[in-house]
Protein chains: 2
Amino acid sequence: MKKTIFVFSALIVALLALFQLGKYSYLSGDISIEVAIAVVAIIFFIIGVYINKKTLAKKPTTLPTIDSKKINELGISNREYEVLVHISKGMSNKEIAEELFISESTIKTHVSNLLVKLDAKRRTQAIQKAKDLEILSP
Amino acid sequence: MKKTIFVFSALIVALLALFQLGKYSYLSGDISIEVAIAVVAIIFFIIGVYINKKTLAKKPTTLPTIDSKKINELGISNREYEVLVHISKGMSNKEIAEELFISESTIKTHVSNLLVKLDAKRRTQAIQKAKDLEILSP
DNA sequence: TTACCTCTCATACTAAAGTACCAAAATCAA
DNA sequence: TTGATTTTGGTACTTTAGTATGAGAGGTAA
């Protein structure tokens, strides 16, 4: 909002400056009206494009939020979440174990706990539910 | 691209028209130069905003496209794809079999074929690859 | 220190998942 | 109708996944 006010203030100032330029060129005849208008047109066209780009750039609030509140609400621990992420990448328990330098048994424990906490019967279902709960990026 | 050319052509025409308007107002003195410039500024500002909105509106090419070309390229049949969709929902082979009114053996066959065609070792990996290939909605 | 939680690991078992190989219907294009 | 492809199904087997249970190590708050 503050930026918007600032930008429009700048626009007004620019307009006033151009008025003076217009009067000057009109009186002196140094600059043709065509050129002045063309310059004004180009400048404001660019300003229009720029402002809109700034505005729309922020707009995509299409929540790519990898929320952490629900993770705590579900009682999912750090390690468990880490395992969950690896599962969603399509890794096997063995591969995850090697990746995290712990035994496959431990992974199985984490997975079992995850399934309970996510109320899922399978790891594939856990992936789905986790994404629905926005604790995993789609 | 064609539209871009069209728009800029229109812009040029508009500029030329404004030149004439400028000359006319200059000669007749009916319209002050300040007003003319202000009008030009506003018009082109709006044009700039409009064009940019059009451009950026298409930009979010966040293809929610459930593409079908790659499905054929990978040699995935209709039934196999149907099974793939159910897998991505987190369903077990047995559940898919009941859903599609066919035996679990058949599902296993389809899944095996899918894994080969998607170059995956596990169903979870198949889900990931399928989404990367944009044959499954994220 | 006790109580509690997280992380770790193991064993033993059940249940899915996946592979390999084969083969009979069904579908479809030539 | 022939030939190719898809869909279906089975058996037998191997491999992951997942459950149940128990337990030790380390950190933390009461």
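Please read all numbers here as calculations on a predicted model, not as lab measurements. Order of the sequence lines fixes the chain letters, A, B, ..., with proteins taken first and strands second; residue numbering starts at 1 for each chain.
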Among the candidates dT8(D), dG10(D), dC9(C), find the nucleotide nearest to the side-chain atoms of Ser103(A).
dC9(C)
What's the CG-P distance between Leu114(B) and dT6(D), to the nearest Å?
12 Å
Between Thr106(B) and dT7(D), does any side-chain N or O lie under 4.0 Å from OP1 or OP2?
no
If I take atom NE2 in residue His110(B) and atom C1' in nucleotide dG10(D), what distance separates them, rounded to the nearest angstrom?
14 Å
Grab the CG-C1' distance between Leu118(A) and dA17(D) for me, whole Å please.
16 Å
For Thr124(B) and Gly90(A) the tightest heavy-atom approach is OG1-CA, 3.4 Å
Rounded to the nearest 0.5 Å, what separates atom CG in Leu133(A) from atom CD1 in Ile71(A)?
10.0 Å
Within this structure, what is the CZ-to-C1' distance between Phe101(B) and dG9(D), rounded to whole angstrom?
18 Å
Of the non-hydrogen atoms in Val83(B) and Ile96(B), which two are nearest, and what is the gap between them?
O-CD1, 4.2 Å
Nearest-Å distance for atom pair CD1/C1', residues Ile107(B) and dG10(D):
15 Å
At how many degrees, to 10°, do the end axes of the helix from dT1(C)-dA30(D) to dA30(C)-dT1(D) meet when each uses five pairs?
50°
Side chain of Lys129(B), backbone of Asp119(B): donor and acceptor closer than 3.5 Å?
yes
If you look only at distance, which donor and acceptor atoms sit under 3.5 Å apart when one is on a side chain in residues 108-116 of chain A and the other is two or more places apart or in another chain?
{"unit_1": "Thr109(A)", "atom_1": "OG1", "unit_2": "Ser105(A)", "atom_2": "O", "d": "3.1"}
{"unit_1": "Asn113(A)", "atom_1": "ND2", "unit_2": "Thr109(A)", "atom_2": "O", "d": "3.2"}

Can you list every pair that meets salt bridge (charged side-chain N to carboxylate O under 4.0 Å, His left out) and has a residue in residues 75-102 of chain A, with sequence neighbours left out?
Arg79(A)-Glu82(A), Glu80(A)-Lys117(A), Glu95(A)-Arg122(B)
Where is the tightest heavy-atom contact between Arg123(B) and Ser92(B), given as atom of each residue plus distance?
NH1-CA, 4.2 Å
Can you sort out the partners of Thr106(A) under side-chain hydrogen bond (donor to acceptor under 3.5 Å, both in side chains), two or more places apart, ordered by chain and number?
Ser103(A)
Separation of dC7(C) P from Ile102(A) CD1 (nearest whole Å)
10 Å
For residues 72-86 of chain B, which residues have at least one heavy atom under 4.0 Å from DNA chain C?
none
Which heavy-atom pair separates Ser88(A) from Leu136(A) by the least distance, and what is that distance?
CB-CD1, 3.8 Å
At their closest point, which heavy atom of Ile76(B) faces which heavy atom of Tyr81(B), and how far apart are they?
CG2-N, 3.7 Å
Crowding at NZ, Lys121(B) (>12 non-hydrogen neighbours, <6.0 Å)
no
Contact string for nucleotides 12-30 of chain C, one letter per nucleotide 5' to 3', B = base within protein heavy-atom range under 4.0 Å, S = sugar-phosphate only, - = neither, reads -----BBB-----------
